[in-house]
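Since the structure comes first, as structure tokens, the remarks are kept for the end.
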Amino acid sequence: MRRQQAKAARRQAAGRPSAREINIPLPLRGILYQARGAQVSNLFAAELVNWRSNGVSMVTRPGLGWEGAASTVLQRMPYEFSGAPRYIELRPTQAVCGTATLDRLFTGTAMSAAISSNVVIVDGFGDPVRYDGTAFYTSIFTTTTGVLPRTFNGAIAHQDRLFFWNTDEPDFYYGDVGAVQGELVYFPLSRLGNITGKIIAMRSLTIDAGNDINDVLAIFMSTGQIVLYQGLNPSDPDDWRQMGRVQAAPPIGRDSFTSVGSDVWMLTPNGVVSVGESLRSSSLALVSELSTPIAEEVKALVESDPAAVWELFTARDGSMIVINRRKGIRARQFIFYPLSKSWATGSAAVRSFHNLGTQPQATGFDGRLGSFSTENGEELITARWQSSWFETGQAASLCWVKPTIRAKGPLTVRLVVLSDRRDTLADIAEAEQTLFMEPEGDDGGTITLDDEFSSDAEGSSFQITLEVTATWAEIISMKAALE
């Protein structure tokens with residue numbers, strides 16, 4: 001009612017000025033947490049769900065096309081040694097790859113290591129399993145301490161040698177060169193002075209030591225320590241040495257690591273950390289362009305729900321870096337797009353992300369395999385952009401807003417214009433407008449929207465929320481009229 005009264009008063013006022021058309025900048029620099037409350041550049045968005053910037057316009061995130069019917073698959077692990085890459089599927093009571101199967105209980109928390117044309121799988125609940133491209137086998141390992149290999153829930157292949165650990169322990173075990181079974185030797189990492197915590201993860205890392213390039217083993221502890229080893233044989237002191245250690249922030253979880261070029265990035269409550277730069281500078285090195293826009297929100301989410309599972313993923317085709325947070329059967333993504341160097345968020349129902357060759361794919365909560373498509377996907381996506389609050393410098397009326405949108409298939413657009421930070425549910429309900437369009441004629445299902453949405457908002461600051469539902473959409477521009 002307040003809006004209608006204001007509109008009537010403006011029409012009755014003498015000397016009513018003519019409307020001035022303005023351009024509303026698109027959020028080409030992505031999301032910025034601070035834009036929710038502070039006045040920032042309109043090139044940042046307060047919310048940006050399922051949109052991505054290409055540097056020129058805003059496009060819906062890549063759609064996910066799900067294959068087949070729902071299944072019991074908990075995890076997919078790539079087998080890429082042959083000329084026909086394929087997935088090893090872990091189900092609650094079975095491992096499957098093509099026609100090969102192995103009966104065993106799985107919980108969806110396994111880790112794998114690829115070595116000597118085998119993929120070795122551990123999860124801490126049963127004996128290690130390996131797949132050699134043809135069949136599954138139980139890998140028969142023994143340890144020099146009598147510890148049962150079935151307790152290992154971490155594995156990596158580094159310098160053609162398997163390393164195993166348990167995330168509840170500070171020490172690790174290693175095998176012979178190229179071996180996929182046999183004796184594992186104990187390495188007492190915790191006895192080497194001032195190394196504290198438990199092993200969360202290990203990653204191979206390439207660093208510039210100043211005079212040459214070295215492939216090293218980075219060991220990440222629960223206390224935030226990163227311990228670095230160089231060499232080929234942990235049993236030989238002449239061929240295995242500690243290069244250094246650095247105190248960083250603790251990783252959020254064991255899946256919060258991803259390879260980016262020759263570097264490894266780690267997700268912490270403080271943001272995304274460059275492991276390579278942290279080791280070179282002997283201090284915590286946040287990737288500023290990655291950390292700043294989302295760091296506060298990530299920290300708040302970690303503190304509010306420590307039980308949530310976090311995953312950091314790099315698409316091999318270079319299209320995106322994804323932080324996936326899941327709890328139960330719900331997931332939320334923070335997605336960094338390298339092309340535009342911008343962040344957005346996503347709401348895809350994804351349990352985990354993975355690559356097969358150069359193709360980024362995903363496993364859904366219903367076990368289906370999902371493949372990404374940039375324009376021709378079948379997924380119906382609801383994408384939301386909420387602008388930051390922008391100031392006009394003086395009291396004004398926003399008469400209309402005109403988004404120019406291209407879309408595939410049926411299109412639903414919802415628009416809300418608020419003023420002077422009045423953003424209660426009643427304000428939103430009063431200002432909300434919805435439009436629905438379907439393709440006409442032989443145009444390939446493409447729709448172009450270039451209509452004006454009238455507005456009664458008046459004040460000295462405004463916020464626009466645009467929500468689009470389609471299989472694919474692009475915001476080309478946004479204009480408005482002030483008087």
With rounding to the nearest 0.5 Å, note down the distance linking [atom1] in [X] to [atom2] in [Y].
X: Leu449; Y: Ile475; atom1: CG; atom2: CD1; value: 10.5 Å
X: Met437; Y: Ile447; atom1: CE; atom2: CD1; value: 5.5 Å
X: Ile199; Y: Ser222; atom1: CD1; atom2: OG; value: 9.5 Å
X: Leu228; Y: Gln230; atom1: CG; atom2: CD; value: 8.0 Å
X: Arg52; Y: Ser342; atom1: CZ; atom2: OG; value: 10.0 Å
X: Arg316; Y: Gln359; atom1: CZ; atom2: CD; value: 11.0 Å

Closest contact, heavy atoms only, [X] versus [Y]:
X: Gly231; Y: Gln159; value: O-CG, 4.0 Å
X: Ala331; Y: Ala348; value: CB-O, 3.7 Å
X: Ser204; Y: Ala157; value: OG-O, 4.1 Å
X: Leu32; Y: Pro293; value: CD1-CA, 3.6 Å
X: His158; Y: Phe163; value: O-CE1, 3.7 Å
X: Trp165; Y: Ile200; value: NE1-O, 3.7 Å

With a 3.5 Å cut-off and no angle check, do the side chains of [X] and [Y] form a donor-acceptor pair?
X: Ser139; Y: Asp127; answer: no
X: Arg76; Y: Thr363; answer: yes
X: Ser259; Y: Arg203; answer: yes
X: Glu467; Y: Gln386; answer: no
X: Asn54; Y: Ser340; answer: no
X: Asp317; Y: Ser319; answer: yes
X: Thr469; Y: Thr412; answer: no
X: Asn50; Y: Thr60; answer: no
X: Asn355; Y: Thr358; answer: no
X: Gln361; Y: Tyr87; answer: yes

Between [X] (side chain) and [Y] (backbone), is there a donor-acceptor pair under 3.5 Å?
X: Ser388; Y: Ala35; answer: no
X: Asn324; Y: Val350; answer: yes
X: Arg161; Y: Leu232; answer: yes
X: Gln75; Y: Ala110; answer: yes
X: Ser387; Y: Ile464; answer: yes
X: Gln333; Y: Ser347; answer: yes
X: Thr345; Y: Leu48; answer: yes
X: Asp168; Y: Asn166; answer: no
X: Gln225; Y: Val246; answer: no
X: Gln247; Y: Thr223; answer: yes

Using the six-membered ring wherever Trp is involved, compare the ring planes of Phe372 and Phe353 and label them parallel, tilted or perpendicular (cut-offs 30° and 60°).
parallel

Is the shortest side-chain N to carboxylate O distance from [X] to [Y] below 4.0 Å?
X: Glu311; Y: Arg254; result: no
X: Arg406; Y: Glu474; result: yes
X: Arg104; Y: Asp123; result: yes
X: Arg384; Y: Glu47; result: yes
X: Glu297; Y: Arg332; result: yes
X: Asp171; Y: Arg191; result: no

Within the 4.5 Å heavy-atom criterion, are [X] and [Y] side-chain neighbours or not?
X: Ile31; Y: Ile294; result: yes
X: Met221; Y: Thr196; result: no
X: Phe164; Y: Thr143; result: no
X: Ser371; Y: Glu67; result: yes
X: Pro251; Y: Ser256; result: yes
X: Ile321; Y: Ile335; result: no
X: Phe187; Y: Ser235; result: no
X: Thr382; Y: Val468; result: no

All ring pair (Phe, Tyr, Trp, His ring centres under 6.0 Å) counterparts of Phe136, not counting sequence neighbours:
Tyr131

Checking Thr167 against Lys198 for the side chain to side chain contact (heavy atoms under 4.5 Å, CB included) test, could you report, in this order, the C-alpha distance in whole Å, the side-chain angles of both residues, the deciding distance, and whether it holds?
CA-CA 6 Å; Thr167 52; Lys198 301 169 183 177; over 6 Å; no

Arg29 atom CZ, over 12 foreign heavy atoms within 6.0 Å
no

Are more than 12 heavy atoms, taken from residues, nucleotides or ligands other than Arg86, located less than 6.0 Å from that residue's CZ atom?
yes

Out of Phe141, Tyr173, Phe172, which one pairs with Phe152 under the ring pair (Phe, Tyr, Trp, His ring centres under 6.0 Å) rule?
Tyr173

Can you name the one residue among Phe220, Trp265, Trp310, Phe313 that meets ring pair (Phe, Tyr, Trp, His ring centres under 6.0 Å) with Phe257?
Phe220

Residue set satisfying side-chain contact (heavy atoms from CB on, under 4.5 Å) with Gln242, at least two apart, ordered chain then number -> Ile195, Val227, Tyr229, Arg245

Phe334 ring center near Phe336 ring center (under 6.0 Å):
no

Taking the cut-offs as 6.0 angstrom to the six-membered ring centre and 45 degrees off its axis, would you call Arg351 and Phe365 a cation-pi pair?
no

Between Tyr79 and Ser117, is the side chain to side chain contact (heavy atoms under 4.5 Å, CB included) condition met? List the steps.
CA-CA 9 Å; Tyr79 181 87; Ser117 298; 4.2 Å; yes

